[in-house]
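Down below is the structure, laid out as C-alpha cells.
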There are 2 protein chains.
Amino acid sequence: MAEGAQLASGLRRGTLEFCVLAMVEFEDRYGTEIVRRLAEEQTLAATEGTIYPLLSRLRRGGLLDSKWAESPSGPPRRYYSLTPTGRSSLAYFRTEWVSFRQTVDRLVGTGEIA
Amino acid sequence: MAEGAQLASGLRRGTLEFCVLAMVEFEDRYGTEIVRRLAEEQTLAATEGTIYPLLSRLRRGGLLDSKWAESPSGPPRRYYSLTPTGRSSLAYFRTEWVSFRQTVDRLVGTGEIA
DNA sequence: CGCTCTACCTTGCGCCGCCAGGTACTCTGT
DNA sequence: ACAGAGTACCTGGCGGCGCAAGGTAGAGCG
C-alpha cells in the first residue's frame, strides 16, 4: 500500500458511511456510480470491496432503501435512497462532525491545547 | 454503548494517533495525563485501553521516544516526546487532514457533489 | 499493615476498510 | 451464433484499531 493511502484509509473510518448517505440524499444512486464518484475525490477513494458491504450494512440497518431498475445498457442496477432513519442519522452526523472537526483543528492545528 | 459515543468512536480512527503526537509536540507528557486531557475534549475522549496500546505502537514505530521520571507523589511516570520521524509524520498529517476535512465538508455539508 | 490513589500495561472482542476472487447479464464484432 | 469486453453486483478472509475489563505495583495515609 502507498504511503499516504494508509493514512487516508484510517481517516475514512466512520466518515465514509455518512458521505455515502449524503450522496443519495437528493438523488438515488447505484453502487458502481458511488464508487466512481468517490474515486474522483482526493482522500475518499474507496473500492468496491468497501462500498458494497457498506451499502449492505446501511440497508440492513434501515438507513438506506433500495430498488432494482433496468439499465439503458448493461445489467440491472440497485438504486439506493435515503430512509427517514437515514435522514435523521445524517442530520445527527452533521452536528457531530462540526464538533469533531473543530476539536481536531484545535489540537492538531497549533499543537497547543488551549 | 451510548448513542453518539459509537459515532465518535469511529471518527477517532486514524485521527487520535496524531492528536496524541500533537499533544507532546512542545511538552513531554505521560499516559495518564494524556488520557485526562483528551477526556476534557468533547468528541475525543479515549480511555486507557485505547491510549496505552496507542502509545506503545507509536514508540515501537519510532514516532515517540520515552523516558521514565519520578513523580512528586505516586509511582514513576513514563514521559513521551516527539522524535524527528514523529515530527515529520505529524507535519504530513496536517496537510492530509486539511484535504480530508474539505472533502467531507463539501460532500456532507450540502449533499451536493459539485 | 490494610486502604486508597496513581500509573502502567495486557487480553480478547468487534467493527470496518480492503484485496482478491467470483457470478451474471449486456453489448459488439465477426 | 458465439467469444470477448464491459458493466454491475456480491463475498471471504485478513489486518488494524478503539474499547471494556482485568491485572500489577509502588506511594501515601491512618
Side-chain angles (χ1 to χ4, degrees), chain A residues 1-2 4-21 28-39 41 43-61 63-64 66-80 100, chain B residues 1-2 4-21 28-39 41 43-61 63-64 66-80 100:
Chain A
M1 209 177 205
Q6 200 174 357
L7 198 163
S9 170
L11 286 178
R12 279 178 216 120
R13 288 229 173 205
T15 310
L16 190 57
E17 172 183 343
F18 296 96
C19 290
V20 169
L21 289 183
D28 293 6
R29 299 191 196 280
Y30 62 99
T32 302
E33 182 186 6
I34 293 175
V35 171
R36 273 200 290 258
R37 292 205 172 232
L38 284 176
E41 301 297 332
T43 53
L44 236 63
T47 61
E48 294 185 344
T50 301
I51 296 300
Y52 282 115
L54 172 59
L55 289 171
S56 297
R57 278 199 307 273
L58 293 173
R59 185 160 38 96
R60 279 196 303 270
L63 304 180
L64 286 182
S66 76
K67 60 174 188 295
W68 288 93
E70 296 290 323
S71 165
S73 72
R77 301 162 174 172
R78 191 201 278 265
Y79 279 85
Y80 289 90
F100 174 76
Chain B
M1 210 180 206
Q6 199 174 357
L7 199 163
S9 169
L11 286 178
R12 278 178 216 120
R13 290 228 171 206
T15 309
L16 190 57
E17 172 182 344
F18 296 98
C19 290
V20 168
L21 289 183
D28 294 6
R29 301 190 195 279
Y30 63 98
T32 302
E33 181 186 7
I34 292 173
V35 172
R36 274 200 289 260
R37 292 207 174 231
L38 284 176
E41 302 297 332
T43 53
L44 235 66
T47 62
E48 294 184 345
T50 300
I51 295 301
Y52 282 115
L54 172 59
L55 289 171
S56 296
R57 277 199 308 273
L58 294 173
R59 183 159 40 95
R60 279 197 303 270
L63 304 179
L64 286 182
S66 75
K67 59 175 189 293
W68 288 94
E70 297 289 325
S71 165
S73 73
R77 302 162 172 172
R78 191 201 277 266
Y79 279 85
Y80 288 91
F100 175 76

Handout entry: For B:Tyr80, all residues meeting ring-ring contact (aromatic ring centres under 6.0 Å, His included), sequence neighbours excluded
Key = none
Practice task
Report the distance from atom CG of B:Leu55 to atom C1' of D:dC17, rounded to the nearest whole Å.
Solution key: 14 Å
Handout entry: Most 5' of B:Leu16 and A:Trp68 on DNA chain D, judged by nearest nucleotide
Key = A:Trp68
Handout entry: Validation row: A:Thr15, B:Leu11 side chains within 4.5 angstrom (heavy atoms)
Key = yes
Practice task
Tell me what B:Glu48 touches on the nucleic acid: a base, only sugar-phosphate, or nothing, going by heavy atoms under 4.0 Å.
Solution key: base
Practice task
Output yes when at least one side-chain N/O atom of B:Arg78 is less than 4.0 Å from OP1 or OP2 of C:dC9, else no.
Solution key: yes
Handout entry: OP1 or OP2 of C:dT6 under 4.0 Å from side-chain N/O of B:Arg36
Key = no
Practice task
Measure from CD on B:Gln6 to P on C:dC15 and round the result to the nearest Å.
Solution key: 8 Å
Fill in the blank from the handout: Out of D:dG18, D:dT11, D:dA8, minimum distance to the side chain of A:Pro53 belongs to D:dT11
Practice task
Sequence neighbours left out, what passes side-chain hydrogen bond (donor to acceptor under 3.5 Å, both in side chains) with B:Tyr52? Give chain and number order.
Solution key: B:Thr32
Problem - Whole-Å gap separating P (C:dG17) and CD1 (A:Ile34) - result: 14 Å
Problem - OP1 or OP2 of D:dG16 under 4.0 Å from side-chain N/O of A:Ser9 - result: no
Problem - Short side-chain N/O contact to D:dA8 OP1/OP2 from A:Tyr30, under 4.0 Å - result: yes
Exercise for the section: Figure out the CG/C1' separation between A:Leu11 and C:dG17, and round it to whole Å. Expected result: 12 Å
Handout entry: Atom-pair distance (CG on A:Leu58; P on D:dC10), nearest Å
Key = 13 Å
Practice task
Using atom CG of B:Leu54 as one end and atom P of C:dC8 as the other, report the distance to the nearest whole Å.
Solution key: 14 Å
Exercise for the section: State the NZ-CG distance between B:Lys67 and B:Asp28, to the nearest 0.5 angstrom. Expected result: 4.0 Å
Handout entry: Whole-Å distance separating the OH atom of A:Tyr52 from the C1' atom of C:dA20
Key = 16 Å
Exercise for the section: Give one of base, sugar-phosphate or nothing for A:Gly49, where a contact means two heavy atoms less than 4.0 Å apart. Expected result: base
Practice task
Mind checking A:Thr47 for me? I need base, sugar-phosphate or nothing, with any heavy atom below 4.0 Å counting as a touch.
Solution key: sugar-phosphate
Exercise for the section: Would you mind classifying the nucleic acid contact of A:Arg77 as base, sugar-phosphate or nothing, using non-hydrogen atoms under 4.0 angstrom? Expected result: sugar-phosphate
Problem - From SG (B:Cys19) to CZ (B:Arg37), nearest 0.5 Å - result: 14.0 Å
Practice task
Could you tell me whether the side chain of B:Arg13 has a donor or acceptor atom within less than 3.5 Å of a complementary atom in the base of D:dC17?
Solution key: yes
Handout entry: Distance, nearest 0.5 Å, that separates CG of A:Leu16 from CG of A:Leu38
Key = 6.0 Å
Look for any protein N or O under 3.5 Å of an N or O in nucleotides 23-28 of chain C and output each such pair with its distance, or none.
from: C:dT26; atom 1: O3'; to: A:Gly74; atom 2: N; distance (Å): 3.4

Exercise for the section: Pick base, sugar-phosphate or nothing for A:Gly14, based on heavy-atom distances below 4.0 Å to the nucleic acid. Expected result: sugar-phosphate
Completion exercise
Distance col, row A:Arg36:CZ vs A:Ile51:CD1, nearest 0.5 angstrom, shows 13.0 Å
Problem - Test item: B:Arg77 side-chain N/O and B:Arg29 main-chain N/O as donor-acceptor pair under 3.5 Å - result: no
Exercise for the section: Round to the nearest Å and state the distance from B:Glu41 atom CD to D:dG18 atom C1'. Expected result: 18 Å
Problem - Side-chain N,O (A:Arg12) to OP1/OP2 (D:dC17) below 4.0 Å - result: no
